[in-house]
Participant: 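Okay, handing you the structure first.
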Amino acid sequence: MQRRRITVFGATGSIGENTIDLLTRQGGADSYDVVALSGGRNVKRLAEQAIALKADLAVTAFDDCLDDLRAALAGSGVEAAAGQAALIEAAARPADWIMSAIVGFAGLAPGLKALEHGTTLALANKESLVAAGPLLLGAAAKHGARVLPVDSEHSAVFQALVGEDMAAVERVIITASGGAFRDWPIEDLAKATPEQASSHPNWAMGQRITIDSASMFNKGMELIETKEYFGIAPSKIEALVHPESLIHAMVGYRDGAIMAHVGPHDMRHAIGYALNWPERAALPVERLDLAKIGQMTFRPACETRWPALRIAREVMEAGGYAGAAFNAGKEAALDAFLAREIGFTQMSDVVAAVLDRLSADAGLMKSDLSLEKVLHVDHLAREEAARIVRSLQH
Ligand code: NDP
């Protein structure tokens with residue numbers, strides 16, 4: 001493969017570290033020209049990565065971290081920058097492959113900017129697709145760029161679709177581990193704490209996505225992502241609880257065949273697939289011993305236990321700005337849960353109420369998608385969520 005220019009947004013996070021690991025194993029600075037790496041508050045690690053990969057630029061998202069980043073990079077020749085404008089400037093620097101692994105809505109603007117120079121965007125930042133899928137994919141089409149899925153479920157669907165006719169797809173099944181509380185009595189969920197919600201039975205991930213897995217907001221987001229990525233009708237998209245998390249997704253075809261993607265709990269598979277696509281490179285992931293595993297089990301994804309799934313389905317049907325309101329409401333509800341302002345089950349109450357209130361303005365929610373309007377709906381939804389959180393506290 002020819003030498004490529006690489007940028008990694010969110011390099012210091014869980015997806016980012018796995019990406020850096022693969023880049024390093026595939027030759028690091030000897031194989032790639034690293035244009036930019038970005039991080040947040042962990043500037044020490046960002047500087048280590050940037051020096052090891054001989055990056056041109058390291059960007060922290062936070063202005064108050066710039067001095068520490070400069071100090072950590074002193075004498076290395078790596079340029080240091082900070083803040084939102086610096087992230088956008090980094091995204092504007094031409095690169096052949098860009099990893100989008102910032103957490104949350106903050107990942108949208110750099111992703112959109114990166115697409116303008118026709119890059120390949122490996123998209124882990126699911127919030128971008130949920131909040132502004134048509135905008136992101138429209139920008140990719142306009143500029144001849146490509147978006148490759150990194151979420152393991154969507155990478156699995158993408159792989160199960162290779163060589164197939166989309167018209168023959170009858171259903172897409174996204175699996176869910178069920179998260180930290182899948183075996184808890186439903187009446188105990190209201191008492192669950194952030195600490196209890198922050199441990200995942202199968203995957204090691206960032207804290208926010210781990211809690212979103214326990215509430216199933218993560219799976220709700222993935223249902224919406226599936227609709228956006230693959231243009232599949234909401235009625236054909238299903239969630240299925242699969243506690244072992246070995247099958248990541250399945251595609252069912254009109255002849256009754258189901259193509260399942262099976263793999264270990266290691267994000268380096270999906271990241272490595274996107275990094276080396278369309279080739280399959282050797283990856284340092286565990287080879288499954290299926291005889292030892294013995295069995296795989298499945299359960300229905302109950303929308304009473306996990307209202308996030310029902311809400312996500314309504315969002316898929318509604319389209320327009322519903323995804324932006326859903327994402328912002330969910331991020332705000334999660335912040336409130338982490339701050340112990342609301343309980344675990346109240347997160348879905350907050351998101352449902354945000355959507356209800358914003359949907360009352362049909363003119364707002366249905367107009368053509370633009371970045372300005374996505375930002376506006378995001379802002380309104382966060383304000384509404386804050387009001388609802390306050391009312392729940394009284
Ligand atoms: P982490 O929280 O582990 O990492 C997030 C990264 O974003 C870090 O580099 C962090 O910097 C940086 N960051 C934090 N806040 C900001 C901000 N306001 N602006 C810019 N950068 C910021 O998250 P994950 O790696 O778990 O997830 C990243 C994305 O990938 C999310 O959208 C998630 O939903 C998605 N995803 C994650 C999976 C996983 O296995 N972890 C699986 C599938 C999708 P720092 O740490 O230096 O502060």
Side-chain angles (χ1 to χ4, degrees), residues 100 102-109 111-112 123 125-139 151 208-209 211-213 215-229 231 233-234 237 239 303 306-339 341-342 344-393:
S100 167
I102 287 174
V103 64
F105 186 71
L108 175 61
L112 272 173
L123 189 66
N125 176 262
K126 55 183 76 188
E127 296 84 356
S128 307
L129 257 193
V130 171
L135 199 64
L136 201 76
L137 298 173
D151 220 346
R208 295 183 75 87
I209 186 173
I211 298 179
D212 283 348
S213 297
S215 63
M216 283 277 193
F217 269 110
N218 181 46
K219 210 49 54 181
M221 294 182 74
E222 289 173 7
L223 296 177
I224 301 168
E225 280 181 87
T226 305
K227 176 195 156 197
E228 301 295 352
Y229 260 131
I237 306 171
E303 293 188 2
W306 294 297
L309 296 174
R310 175 185 48 75
I311 301 171
R313 201 161 283 293
E314 290 166 6
V315 168
M316 282 196 287
E317 297 290 351
Y321 287 92
F326 173 85
N327 181 65
K330 186 222 63 132
E331 289 194 15
L334 178 54
D335 288 339
F337 174 62
L338 283 167
E341 293 164 358
I342 58 170
F344 181 75
T345 49
Q346 285 177 314
M347 285 193 284
S348 54
D349 298 340
V350 171
V351 178
V354 165
L355 280 162
D356 271 358
R357 294 196 193 168
L358 266 65
S359 303
D361 184 349
L364 172 74
M365 298 301 270
K366 286 284 179 201
S367 52
D368 285 348
L369 231 52
S370 70
L371 180 59
E372 294 67 34
K373 199 99 181 278
V374 168
L375 294 170
H376 179 56
V377 170
D378 178 87
H379 177 71
L380 289 180
R382 285 174 204 268
E383 277 188 346
E384 202 57 67
R387 262 195 288 279
I388 296 162
V389 165
R390 279 197 297 277
S391 73
L392 286 172
Q393 288 175 299

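As the structure is a computational prediction, the values presented were derived from the model and not from experiment.
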Participant: Check residues 354-363 and write down every donor-acceptor pair under 3.5 Å in which the side-chain atom is one partner and the other belongs to a residue at least two apart or another chain.
Facilitator:
residue, atom, partner, partner atom, Å
Arg357, NH1, Glu384, OE2, 3.0
Ser359, OG, Leu355, O, 2.5
Asp361, OD1, Gly363, N, 3.4
Asp361, OD1, Leu364, N, 3.1

Participant: Out of curiosity, Leu392 CG to Arg390 CZ, how far, rounded to the nearest 0.5 Å?
Facilitator: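 Those atoms lie 11.5 Å apart.
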Participant: Please report the interatomic distance CD(Glu222) to CE(Met216), rounded to the nearest 0.5 Å.
Facilitator: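 Result: 9.5 Å between the selected atoms.
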Participant: So which heavy atom on Gly329 is nearest to which on Ala381, and how close?
Facilitator: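 Looking at all heavy atoms of both residues, the closest pair is N-CB, 4.3 Å.
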Participant: Salt bridge or not between Arg313 and Glu317? Use side-chain N to carboxylate O under 4.0 Å.
Facilitator: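 Glu317 and Arg313: not salt-bridged.
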Participant: What distance do Ile311 atom CD1 and Lys330 atom NZ have between them, rounded to the nearest 0.5 Å?
Facilitator: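 So the gap between those two atoms works out to 12.0 Å.
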Participant: Quick one: closest heavy-atom pair of Lys219 and Ala239, and the distance?
Facilitator: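 For Lys219 and Ala239, the tightest heavy-atom pair comes out as CG-CB, 4.3 Å.
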Participant: At what distance, to the nearest 0.5 angstrom, does CG of Asp151 lie from CE of Met221?
Facilitator: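 Reported value, rounded in 0.5 Å steps: 9.0 Å.
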Participant: If every non-hydrogen atom of Ala333 is compared with every non-hydrogen atom of Ile342, which pair is closest and at what distance?
Facilitator: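 For Ala333 versus Ile342, the nearest heavy atoms are O-CD1, 3.6 Å.
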Participant: Going by heavy atoms in the side chains, are Lys126 and Ile209 under 4.5 Å from each other?
Facilitator: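 Yes, at least one pair of side-chain atoms sits under 4.5 Å.
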Participant: How far apart are the closest heavy atoms of Val374 and Ala132, and which atoms are they?
Facilitator: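 Between these two residues, the closest heavy atoms are CG2-CB, 4.1 Å.
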Participant: Verify, without hydrogens or angle tests, whether Asp378 (side chain) and Ala325 (backbone) share a donor-acceptor contact under 3.5 angstrom.
Facilitator: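 The answer is no, because no donor-acceptor pair under 3.5 Å joins these two groups.
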Participant: Please walk me through it: do Leu338 and Ile211 pass side-chain contact (heavy atoms from CB on, under 4.5 Å)?
Facilitator: CA-CA 9 Å; Leu338 283 167; Ile211 298 179; 3.5 Å; yes
Participant: Which atom names give the shortest non-hydrogen contact between Ser348 and Phe217, and what distance separates them?
Facilitator: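 Where Ser348 meets Phe217 most closely, the heavy atoms are CA-CZ, 3.8 Å.
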Participant: Is there a side-chain contact between Ile224 and Asn327 (heavy atoms, below 4.5 Å)?
Facilitator: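 Ile224 does not reach Asn327 side chain to side chain.
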Participant: Quick one: CG on Leu334 to CZ on Arg208, what's the gap to the nearest 0.5 Å?
Facilitator: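 Those atoms lie 4.0 Å apart.
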Participant: Looking at side-chain heavy atoms only, is the closest gap between Leu371 and Leu108 below 4.5 Å?
Facilitator: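 Yes. Closest side-chain heavy atoms under 4.5 Å.
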Participant: Side-chain contact, heavy-atom cut-off 4.5 Å: Glu228 with Leu136?
Facilitator: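 Contact flag for Glu228/Leu136 side chains = no.
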Participant: Kindly give the heavy-atom pair with the smallest separation between Ser215 and Ala308, and that separation in Å.
Facilitator: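 Residues Ser215 and Ala308, closest heavy atoms: O-CB, 3.6 Å.
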Participant: Within a strict 4.5 Å, meaning less than it, do heavy atoms of the Gln346 and Glu341 side chains meet?
Facilitator: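 No, their side chains stay 4.5 Å or more apart.
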Participant: With sequence neighbours left out, write down each residue that passes ring pair (Phe, Tyr, Trp, His ring centres under 6.0 Å) with Phe344, or none if nothing qualifies.
Facilitator: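 Per chain and number, Phe344 pairs via ring pair (Phe, Tyr, Trp, His ring centres under 6.0 Å) with Phe181, Phe337.
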Participant: When you check the side-chain N and O atoms of Glu383 and His379, is any donor under 3.5 Å from an acceptor?
Facilitator: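 Note: Glu383 and His379 side chains meet the donor-acceptor criterion.
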